[in-house]
Amino acid sequence: MRKITLLLGFMLAMYIAKSQDLVQIFPDAPGMSMGSTTWVDYDGDGDQDLLLMGYDPSETNNTFLYANDGEGNFSIVNNSGLPLLALSSVDTADWDGDGDVDLLIMGSEMSGGVVTDIYTNNGDGTFSAANMEFPSIYLGNCKFVDYNNDGYLDVFVCGFDDANTNYVSKLYKNDQNGGLTLLTNTGFQGVSYSATLWEDFDGDGYKDLFLCGMGFYPDPDIAILYKNNGDDTFSEMQSFTDMWVADAAAADYDNDGDMDFIFSGYQTSSEGRLTFLMRNDGGVFTQVADNIIGVSQPALAWADYDKDGNPDIFVAGAHEIAEGQIVAKLYHNEGEDTFEDSNFFFTGVWWADAAWGDIDGDTDMDLVYSGEDDQGNRHTFVYRNDVINNVPENAHEESISVYPNPANDRLYLSVFNTTFDNISIVNSLGERLWSADNYRSNRIDVSALKTGVYILIIEKNGVQIRTKFMKK
C-alpha cells in the first residue's frame with residue numbers, strides 16, 4: 001500500500017509541476033461572459049492581440065480590443081469601429097485578400113438590435129462593416145470556410161434569426177467578386193445555442209461540418225456530422241448524442257493524421273451535462289476518455305501547452321448549476337486515449353469562451369478564458385505559459401538560423417548536408433501545417449503559407465530547436 005501511495009503522490013506532483021508554468025498576467029482585463037474571447041493579430045505585427053465581446057461586469061453589451069506589444073503587455077485600442085455585442089461569435093481570416101485579418105461577427109446589441117456582418121480591416125487599427133446581406137443572427141456560430149477548395153473564403157452562420165423568429169443554418173458561397181450566394185440545398189438543420197466545426201473528417205480533401213445545437217420546435221436538438229460531397233451538397237455521415245448550450249473543438253490528439261474532436265453541452269433527454277471525446281479512425285468515430293468532466297455553457301480549446309507533442313484540452317463550464325460545480329480544468333494528454341487532470345487551480349466559469357495563442361513569441365501556447373463564476377462575477381483570465389519541462393536541456397547548443405526572414409516562397413537553413421529526423425512548421429495556435437521526416441535539404445517551400453508568423457521545429461538526435469519566421 002505504501003508503494004502505491006507514493007507512486008500516486010509522485011504522479012500528482014508531476015501533473016501539478018507541468019501546469020505550474022502557467023502564470024497569470026493582465027489582471028486588469030475586463031471580466032466578460034456570454035460572448036467571444038479571441039486572439040487576433042489585427043495589426044499584422046506578428047503577435048496575438050486580444051478581442052473580447054460579451055456582457056461586461058456592468059451588464060452592458062461591450063467589445064474590447066487590446067494591442068499586444070509582443071511581450072504579453074496589452075493596451076486598449078480605442079475607436080476600432082467594432083460593434084458592442086454580447087451573445088456573440090467571432091471568426092478571423094483574411095477575407096478580402098489584402099494581407100490583414102478581417103472579422104466575421106454576429107451578436108446582439110444593448111439596444112436590442114442584432115449584428116451579423118464581415119468587418120474588414122482598414123490596416124490602421126480600425127474596421128469597417130462590409131454590409132453583407134446576412135440574416136440578423138445571434139446565439140449561434142459563424143465561420144469562415146473554403147468548403148469547395150476554390151481558394152476563396154465562404155461563410156457559414158447558424159443561430160436565432162431575429163427577424164423571422166426561427167433557427168437557421170446557412171452556408172454562403174463566395175462568388176469570387178466580393179459577394180456571397182446562399183446555398184439552398186445543404187440539408188443543414190437550423191440550430192441555436194450551437195457549436196460548429198469545419199474539418200476534413202473523412203480525408204477526402206473537402207471540409208465536412210459538425211453541427212450541434214437546439215432545434216426549433218418541432219425539430220429536435222442535434223449533434224450531426226455532415227459529409228461534404230464536393231458538389232455544393234452535403235449528406236449526413238454520423239449522428240451523435242444531441243447537445244445544446246454547447247462548444248466543440250477539433251485536433252489530431254492521437255497524431256494519426258486525421259482530425260478528432262471533443263464536444264460538450266446539455267442533453268435535454270437525459271437532463272445531463274456531458275462531454276464526449278471522439279477518436280477518428282478513418283472517418284469512423286469512437287468515444288474515448290470518459291473521465292473528462294461533463295459541462296454545459298462551456299469553453300473547449302486544444303493546445304500542446306507542455307510541448308510533448310500531444311495536444312492537451314482546456315475545459316470550462318457548468319458541471320451543475322450550483323456553488324462549487326462551475327469548473328475550469330486543463331487535461332494533460334498522456335497518449336493512448338488517456339487524459340489526466342493537471343490539477344492546476346483555475347477559477348471555474350460558465351457561459352465561457354477560451355483560446356490559446358503565443359502572446360510573447362516564445363513558441364509555447366498561452367491561454368485566455370472568460371466567463372461567469374458560481375457567484376455571478378464575470379472574469380477574463382490571461383495565463384502566460386512558461387513551460388520548460390519538455391524542452392531538452394541541450395536544445396540550444398546547436399545554432400541554426402533561417403533566411404530570408406520574412407520569406408516569400410523559399411525558406412533556407414544555415415546548415416548544409418545534414419539529415420534531420422524531422423522538420424515541421426506550426427502556426428501561432430500550435431497547429432501543424434507541414435512536416436517531413438528524414439529531411440535532407442536546406443531549402444523549404446513555404447509558398448503555400450498565408451501571410452503571418454510561423455514556428456519552424458527542427459529535430460535531430462533527441463534535440464529540438466525552434467525558430468520563428470515570417471511569411472510575406
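All figures in this text were calculated on a predicted structure; none of them were measured in a lab. In what follows, every heavy atom counts, from backbone to side chain, and hydrogens, waters and symmetry copies are set aside.
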Carboxylate-amine/guanidinium contact D204 K227, below 4.0 Å: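 Yes, D204 and K227 are salt-bridged.
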Can the ring centres of [X] and [Y] be said to be less than 6.0 Å apart?
{"X": "Y206", "Y": "Y147", "value": "no"}
{"X": "F346", "Y": "F314", "value": "yes"}
{"X": "F134", "Y": "Y172", "value": "yes"}
{"X": "F26", "Y": "Y66", "value": "yes"}
{"X": "F201", "Y": "F261", "value": "yes"}

Heavy-atom pair with the smallest gap, counting every atom of M278 and Q287: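 Taking M278 first and Q287 second, the nearest heavy atoms are CE-N, 3.7 Å.
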Residue pair D161 / P135: nearest heavy atoms and the distance that separates them: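 Closest approach of D161 to P135, heavy atoms only: OD2-CB, 3.9 Å.
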Donor-acceptor pair between S370 and T37 side chains, under 3.5 angstrom: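 Result is yes, a qualifying pair exists.
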Y167 and F216: CA distance, side-chain angles, deciding distance, ring pair (Phe, Tyr, Trp, His ring centres under 6.0 Å) verdict: CA-CA 6 Å; Y167 298 167; F216 192 81; 5.1 Å; yes
Under 3.5 Å donor-acceptor, N68 side chain and Q48 backbone: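 Judged by distance alone, yes, a pair lies under 3.5 Å.
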Summary of salt bridge (charged side-chain N to carboxylate O under 4.0 Å, His left out) pairs that have at least one residue in residues 169-184, sequence neighbours excluded: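 Passing the test, one end in residues 169-184: K173-D232.
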Of all pairs that satisfy salt bridge (charged side-chain N to carboxylate O under 4.0 Å, His left out), the ones with a partner from residues 276-302, not counting sequence neighbours: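 Counting only pairs at least two positions apart or across chains, the salt bridge (charged side-chain N to carboxylate O under 4.0 Å, His left out) contacts touching residues 276-302 are R279-D281, R279-D337.
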Within 6.0 angstrom of E271 CD, more than 12 heavy atoms from elsewhere: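 12 or below, so no.
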